[in-house]
Amino acid sequence: DIVYSEEILDFRIEKCSRVENKSLGTIDFYYQGGREEYGIHGNHLQDAGNGNLLCFRTIPEEPVVFQIGSCDAVAALRGATVVCKDVKAIDLNC
């Protein structure tokens, strides 16, 4: 079985920091900016309590394909570099 992530834009994932969540056994990627910069007006993203937003979460060894949206090859590469060690594949949506 393969699991596909939601599509996340390159400039958003490249501004994320990787955090090992030991209590859940997950790898979390937190966006290092506020809701306004991210373009979120609702409350559907989890706030880390310090203004950072949970952008992507995965379980180690889960067969997840990370979908990245981009119109620039260099920006897509920068974004993919952030998550490449924690996913099985990268799917580029142009």
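Keep in mind that what you see is a predicted model, and the values were worked out from it rather than measured. All residue numbers refer to positions in the sequence shown, counting from 1.
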### Query
Do R18 and D86 come close enough that some side-chain heavy atom pair is under 4.5 Å?
yes

### Query
Per the side chain to side chain contact (heavy atoms under 4.5 Å, CB included) rule, which among I68, V65, L77 passes with I90?
I68

All N/O donor-acceptor pairs, side-chain side in residues 69-76, below 3.5 Å, sequence neighbours left out:
unit_1, atom_1, unit_2, atom_2, d
S70, OG, D10, OD2, 2.5
S70, OG, D72, N, 3.1
S70, OG, D72, O, 2.8
D72, OD2, V74, N, 3.1
D72, OD2, A75, N, 2.7

### Task
Over all heavy atoms of both residues, which pair between R12 and Y31 is shortest? Give the atoms and the distance, please.
O-CD1, 3.4 Å

### Query
Does some side-chain heavy atom of F56 sit less than 4.5 Å from a side-chain heavy atom of V87?
yes

### Query
Which heavy-atom pair separates N21 from L24 by the least distance, and what is that distance?
OD1-N, 3.1 Å

### Summary
Nearest heavy-atom contact between E14 and V82 is CA-CG2, 3.8 Å

### Task
I would like to know whether I27 and E20 meet side-chain contact (heavy atoms from CB on, under 4.5 Å); could you show each step before the answer?
CA-CA 5 Å; I27 306 297; E20 291 185 36; 3.7 Å; yes

### Summary
On a heavy-atom basis, the closest approach of D28 and T26 is OD1-OG1, 2.9 Å

### Query
To the nearest 0.5 Å, how far apart are OG in S5 and CD in Q67?
5.0 Å

### Query
Can a salt bridge be assigned to the pair K88 and E61 using a cut-off of 4.0 Å between side-chain N and carboxylate O?
yes

#### Entry: Shortest non-hydrogen contact between C55 and I13, atoms and distance
SG-CD1, 4.4 Å

### Query
Are V3 and E62 side-chain neighbours, meaning at least one heavy-atom pair lies under 4.5 Å?
yes

### Message
Please report the interatomic distance CD1(I8) to CZ(F29), rounded to the nearest 0.5 Å.
### Response
9.5 Å

### Message
Please give me the minimum heavy-atom distance between I59 and G25, naming the atom from each residue.
### Response
CG2-O, 4.2 Å

### Message
I'd like to check V19 versus Y30 (side-chain heavy atoms, cut-off strictly below 4.5 Å). Are they in contact?
### Response
yes

